[in-house]
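The sequence lines fix the lettering, A, B, ..., with proteins before strands; numbering per chain opens at 1.
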Protein chains: 2
Amino acid sequence: MSRLLRRRAIELSDSGHALAKRMAALGYRVTQPRLAVLDAATALSASFTAAELEHWLVTQQRSPGTASIFRTLKLLVEAGMLERIHGVDECHRYTLSAGHGHRVVCLECGALANFEQCALDGLVASLEQATGYRISQHLLEFFGRCPACQRGGVAA
Amino acid sequence: MSRLLRRRAIELSDSGHALAKRMAALGYRVTQPRLAVLDAATALSASFTAAELEHWLVTQQRSPGTASIFRTLKLLVEAGMLERIHGVDECHRYTLSAGHGHRVVCLECGALANFEQCALDGLVASLEQATGYRISQHLLEFFGRCPACQRGGVAA
DNA sequence: CTCAGTGCAAAAAGTTTGCATGGAA
DNA sequence: TTCCATGCAAACTTTTTGCACTGAG
């Protein structure tokens with residue numbers, strides 16, 4: 001591929017992607033499928049499943065196929081650019097990584113709000129004392145209805 | 001089935017099962033597969049996946065088959081006798097329900113410690129104010145090493 | 001140029017369902 | 001005796017893998 005073409009290929013999907021630069025900085029090759037998945041993750045904005053992401057890419061006629069999507073999702077999670085999140089009954093959802101923090105997830109539309117504060121330190125300490133466990137990780141997520149869905153008025 | 005046989009069938013698995021009585025009280029039929037799953041859940045004691053539970057039942061030569069196991073697990077969760085729990089990377093684990101509360105899960109052996117206190121009320125209130133979300137549920141789980149595994153000395 | 005990454009298709013998990021039979025109440 | 005629950009097998013969904021080919025660096 002000529003220098004010119006390569007440059008065009010990258011610009012094609014480079015709409016706003018500091019993300020792509022970050023991938024390159026981490027030593028990952030910046031390829032079309034990876035850019036497509038990052039675009040999709042950005043466009044979907046809230047949380048999404050692999051299937052939802054694939055559907056979006058198909059409608060955009062940019063889907064690299066299921067296998068590549070799964071491989072890319074796994075890679076991006078390892079790279080820290082996406083996070084896997086858990087629902088009450090649903091697992092295997094993803095969201096663009098937003099620094100460290102936890103989330104409030106809308107049960108109706110999947111919208112997310114992030115927050116930094118994690119007032120668990122005290123609880124962790126007292127639990128370690130009470131149980132004898134050495135606690136190294138935690139999972140904390142909140143669920144409810146986002147402001148828009150509350151206005152929307154559909155009964156929960 | 002004669003009265004005598006029925007009685008024996010129930011005694012077979014009635015080893016310590018207030019659980020079976022609870023099922024009956026809830027209006028569920030107390031059947032061999034359900035007793036077997038309850039026994040397995042009790043024996044496995046910590047958290048377990050459907051596959052682990054089936055494996056235990058197979059080794060005991062009491063497995064009612066995959067389909068019945070899944071149906072029974074779903075039923076027992078609905079009945080509130082089992083809970084679905086989430087791991088960091090693993091979902092679809094189950095544990096015997098221990099009242100309301102949250103858990104500390106050992107990352108090495110899967111042992112659980114339950115605790116009642118859930119100091120999130122304040123956090124929920126301030127998050128509702130900060131985000132505009134109406135929060136109705138939360139997911140909170142801790143992970144680490146249990147006392148036995150710490151003594152066991154395998155590096156984390 | 002070279003090797004990491006891709007895309008297809010096929011396979012492997014994991015989970016659910018249809019239907020005739022069996023057993024709890 | 002009645003109907004709920006079971007057990008098998010087959011279907012389905014979701015995710016992973018093998019392999020020849022392609023394109024990013």
Side-chain angles (χ1 to χ4, degrees), chain A residues 1-14 20-21 23-38 48-55 57-58 61-79 82 84 87 89-94, chain B residues 1-14 17 20-21 23-38 48-55 57-58 61-79 84 87 89-94:
Chain A
M1 187 188 257
S2 75
R3 209 162 297 168
L4 183 64
L5 276 177
R6 186 198 314 153
R7 195 155 144 196
R8 188 141 70 88
I10 290 192
E11 282 173 352
L12 264 176
S13 292
D14 207 350
K21 286 168 202 151
M23 279 194 62
L26 289 167
Y28 294 102
R29 289 194 178 173
V30 178
T31 64
Q32 289 304 313
R34 290 172 184 182
L35 290 172
V37 169
L38 283 174
F48 50 88
T49 62
E52 285 161 6
L53 184 133
E54 179 168 18
H55 179 255
L57 286 169
V58 167
Q61 307 195 316
R62 289 176 65 196
S63 175
T66 312
S68 295
I69 287 175
F70 274 97
R71 277 191 283 233
T72 304
L73 285 173
K74 182 183 265 185
L75 183 97
L76 294 176
V77 169
E78 281 167 11
L82 293 181
R84 295 182 77 140
D89 281 323
E90 200 172 26
C91 307
H92 304 173
R93 294 188 79 83
Y94 300 85
Chain B
M1 188 189 258
S2 73
R3 207 165 298 169
L4 182 65
L5 275 177
R6 188 199 312 155
R7 194 155 146 195
R8 187 141 69 90
I10 289 191
E11 282 173 354
L12 264 176
S13 293
D14 208 349
H17 273 323
K21 287 169 202 150
M23 278 195 63
L26 288 166
Y28 293 102
R29 289 193 177 174
V30 178
T31 64
Q32 288 305 313
R34 290 173 184 181
L35 289 172
V37 169
L38 284 174
F48 50 86
T49 62
E52 285 161 6
L53 184 134
E54 179 167 20
H55 179 256
L57 287 169
V58 167
Q61 307 195 316
R62 290 176 66 198
S63 175
T66 313
S68 296
I69 287 175
F70 275 97
R71 277 191 283 233
T72 304
L73 285 173
K74 182 183 265 185
L75 182 96
L76 294 175
V77 169
E78 282 166 10
R84 294 183 76 140
D89 281 323
E90 201 170 25
C91 308
H92 303 173
R93 293 188 79 82
Y94 300 85

- Task: Starting at atom OH of B/Y28, determine the distance to atom P of D/dC4, rounded to an integer number of angstrom.
- Result: 14 Å
- OP1, OP2 of D/dT6 versus side-chain N and O of B/R34: anything below 4.0 Å? yes
- Query: What is the distance, rounded to the nearest whole Å, between atom CD of B/Q32 and atom C1' of D/dT6?
  - Reply: 12 Å
- Can you tell me how far P of D/dC4 sits from CZ of B/R29, to the nearest Å? 7 Å
- Query: Got a sec, which residues hit salt bridge (charged side-chain N to carboxylate O under 4.0 Å, His left out) with A/E52, two or more places apart in sequence or on another chain?
  - Reply: A/R93
- Task: Round to a whole Å and report the spacing from CD of A/E54 to P of C/dC8.
- Result: 11 Å
- Query: Aromatic rings A/F48 and A/Y94: how do their planes relate, parallel, tilted or perpendicular, breaks at 30° and 60°?
  - Reply: parallel
- Begin with the C-alpha distance, continue with both residues' side-chain angles, and end with the deciding distance and a verdict on side chain to side chain contact (heavy atoms under 4.5 Å, CB included) for A/L38 and A/T72. CA-CA 9 Å; A/L38 283 174; A/T72 304; over 6 Å; no
- Nearest heavy-atom contact between B/A36 and B/R62 is CA-NH2, 3.4 Å
- Can you name the nearest heavy-atom pair linking B/I69 to B/S63, along with the distance? CD1-OG, 4.0 Å
- Item | Residues from residues 66-73 of chain B lying under 4.0 Å of DNA chain D - heavy atoms | B/A67, B/S68, B/R71
- Item | A/L35 CG to D/dA24 P, straight-line distance once rounded to whole Å | 10 Å
- Message: At 10 degrees resolution, what angle do the end axes of the helix from C/dC1-D/dG25 to C/dA25-D/dT1 form when each is taken over five base pairs?
- Response: 40°
- Query: Considering all heavy atoms of both residues, which atom of B/R34 and which atom of B/R29 are nearest to each other, and what is their separation?
  - Reply: NH1-O, 3.1 Å
- Just how far, in rounded Å, is C1' of D/dT14 from CD of A/E52? 14 Å
- Set of residues satisfying side-chain contact (heavy atoms from CB on, under 4.5 Å) with respect to A/A79, sequence neighbours excluded: A/L26, A/Y28, A/M81
- Query: Whole-Å distance between C/dT17 P and B/K74 NZ?
  - Reply: 6 Å
- Message: Restricting to side-chain contact (heavy atoms from CB on, under 4.5 Å), what partner residues turn up for B/P33, sequence neighbours left out?
- Response: B/T31, B/P64
- Query: How long is the line joining CE of A/M23 and C1' of D/dA24, in whole Å?
  - Reply: 11 Å
- Between A/T31 and C/dT6, does any side-chain N or O lie under 4.0 Å from OP1 or OP2? yes
- OP1, OP2 of D/dT14 versus side-chain N and O of A/H92: anything below 4.0 Å? no
- Contacts of A/H55 that satisfy side-chain contact (heavy atoms from CB on, under 4.5 Å) - sequence neighbours left out: A/T59
